[in-house]
Structures are given as structure tokens and as C-alpha cells.
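To start, the structure itself, in C-alpha cells.
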Amino acid sequence: SDPPDKDEMKPLGIKAKVALATSITSILMIALVTVVQMQRMKADFTKVLFTQQTALITRTAEELDDKLTMLLDIIALSARQQPVDIAGSTERLRAYYQDRAVLALFDDLLVLSPQGVVIADAPIQPGRVGIDASDRAYFRTVMRTRKPLIAEPVVGRSHGQPIVQMVAPVLNARGEV
């Protein structure tokens, strides 16, 4: 018989086979547990992130709502305090609002006639006085309800830019605009 070749492998003994099977099984179990835990962690992380994002959005929306409500209250107060006797005069309206703090809070301030025509603006912008806004939904709503409101965004007629308007009626002693 030929002598055993050095390059031939000896068959594994039972102990080696059990040890190898146990090692492979352990590695597979660890891999499976790792995959399951990673999926759970991903789901938990997604849930935590979603909860944090929702809380941030809610808080931001509440702050924005508070600021808009405060600004609307300021507009309403300014409209209530406007002297009735200056309502027809562009120059007197401009002079009155130039000296008011309300102008610092907003980009523009417009005063419209009961017919919906711009009769005064601050700061002065050429071509804005005389613009007819009677067809705008916010104007019709304020004329009907006689209450301040924040209008839906529209494209401004004087400069073509999107704007959000806060509107309040100026009422006389009889509650008329």
C-alpha cells in the first residue's frame, strides 16, 4: 500500500464536527439576532424621529398662529383708533399712519374706501392709490362681516408679488364702514 500523502486531509473527528456545527450555528444565530435588533432599532428610531418632528411642527405652528393673531389684533386696534374725520383724505391718512408703530410691523399699509378703492398707502408707492380691490374675496368678506381677517395669499396688483393681507374695517359710531 502507498504511504499516506501529506496533502490529503484527514477526515474530521466527531469532536471537530460537533465544534464546527456549534460554531456555525452560533454565528448564524448571532447574525439573525443582529438583523432582528437592527430592524427594531430602525423602527424605534423612525418612531422617535417622527414624534420629535411632529412636536416641532406643532410648536412652530402654534407660535406662528400666536404671532399672526397678535398682528391681526394690532391691525384691528389701529382701525378702531383711526379718527373718522380723516377717512376721506389721502394726505391726512398717510400722515396719521406714518406716525404709528403699526407701520413698523408691516411692509405696507393700505386704506381702502367702502367701495374697495385704495385711497391711501404707506409707504407711498406710485400707482397704488386708485387700485380697485372690490372684487377681492377678503374685501367682500370684511364688508359683509365687519370683522378683521387674515386673507388667503394673493398676487398683489401693484407689484405682482404674492402677498398675505391682514384686513380690518374702520367703523363709524353706527358700526358702518
Side-chain angles (χ1 to χ4, degrees), residues 34-84 86-87 90 92-177:
T34 302
V35 168
V36 169
Q37 287 295 54
M38 285 181 64
Q39 290 298 328
R40 281 187 175 169
M41 285 176 62
K42 182 179 176 185
D44 288 348
F45 181 72
T46 302
K47 186 177 177 181
V48 167
L49 188 61
F50 180 78
T51 302
Q52 288 176 344
Q53 293 286 326
T54 302
L56 177 64
I57 289 169
T58 301
R59 186 172 64 244
T60 303
E62 288 170 354
E63 289 173 6
L64 181 60
D65 188 52
D66 290 345
K67 287 178 184 177
L68 289 174
T69 300
M70 178 194 66
L71 291 171
L72 188 61
D73 289 346
I74 290 169
I75 288 287
L77 180 63
S78 296
R80 282 195 304 272
Q81 292 179 343
Q82 177 185 307
V84 177
I86 68 169
T90 299
R92 290 178 69 194
L93 282 165
R94 282 181 177 156
Y96 176 79
Y97 282 107
Q98 278 304 121
D99 297 333
R100 299 288 172 255
V102 68
L103 194 55
L105 298 171
F106 298 95
D107 295 330
D108 298 291
L109 190 134
L110 304 177
V111 179
L112 280 66
S113 70
Q115 292 74 38
V117 177
V118 176
I119 56 175
D121 62 340
I124 297 170
Q125 184 176 330
R128 195 158 49 182
V129 171
I131 290 177
D132 186 355
S134 62
D135 63 328
R136 298 284 193 170
Y138 71 84
F139 178 77
R140 291 192 307 270
T141 301
V142 167
M143 292 301 289
R144 187 181 73 251
T145 64
R146 296 187 169 20
K147 295 188 183 311
L149 70 86
I150 300 172
E152 295 289 325
V154 295
V155 174
R157 289 195 173 136
S158 65
H159 51 71
Q161 296 296 315
I163 55 176
V164 174
Q165 296 173 315
M166 295 187 172
V167 188
V170 176
L171 304 175
N172 63 20
R174 295 182 305 274
E176 299 167 336
V177 176

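Treat the numbers as computed from the prediction; the structure is a model and nothing was measured.
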How long is the straight-line distance from [atom2] of [Y] back to [atom1] of [X], given to the nearest 0.5 Å?
{"X": "Arg59", "Y": "Glu62", "atom1": "CZ", "atom2": "CD", "result": "9.0 Å"}
{"X": "Arg128", "Y": "Asp108", "atom1": "CZ", "atom2": "CG", "result": "4.0 Å"}
{"X": "Leu68", "Y": "Asp73", "atom1": "CG", "atom2": "CG", "result": "11.0 Å"}
{"X": "Thr58", "Y": "Gln53", "atom1": "OG1", "atom2": "CD", "result": "11.0 Å"}
{"X": "Asp132", "Y": "Leu112", "atom1": "CG", "atom2": "CG", "result": "8.5 Å"}
{"X": "Leu93", "Y": "Leu109", "atom1": "CG", "atom2": "CG", "result": "9.5 Å"}

Heavy atoms only: give me the nearest [X]-[Y] pair and the separation to one decimal.
{"X": "Val170", "Y": "Gln82", "value": "CG2-OE1, 3.6 Å"}
{"X": "Ile124", "Y": "Arg94", "value": "CG1-NE, 3.5 Å"}
{"X": "Ser134", "Y": "Gln115", "value": "CB-O, 3.2 Å"}
{"X": "Pro169", "Y": "Pro148", "value": "CD-N, 3.9 Å"}
{"X": "Tyr138", "Y": "Ala133", "value": "OH-CB, 3.5 Å"}
{"X": "Lys147", "Y": "Val142", "value": "O-CG2, 3.7 Å"}

In the structure I gave you, are the side-chain heavy atoms of [X] and [Y] within less than 4.5 Å of one another anywhere?
{"X": "Thr34", "Y": "Gln37", "result": "no"}
{"X": "Tyr97", "Y": "Arg100", "result": "yes"}
{"X": "Gln81", "Y": "Tyr96", "result": "yes"}
{"X": "Val154", "Y": "Ile163", "result": "yes"}

Is a side-chain N or O of Thr90 found less than 3.5 angstrom from the main chain of Ile119, in a donor-acceptor match? yes

Expected output: side-chain Arg92 to main-chain Ala87 donor-acceptor under 3.5 Å: no

Within 6.0 angstrom of Asp66 CG, more than 12 heavy atoms from elsewhere: yes

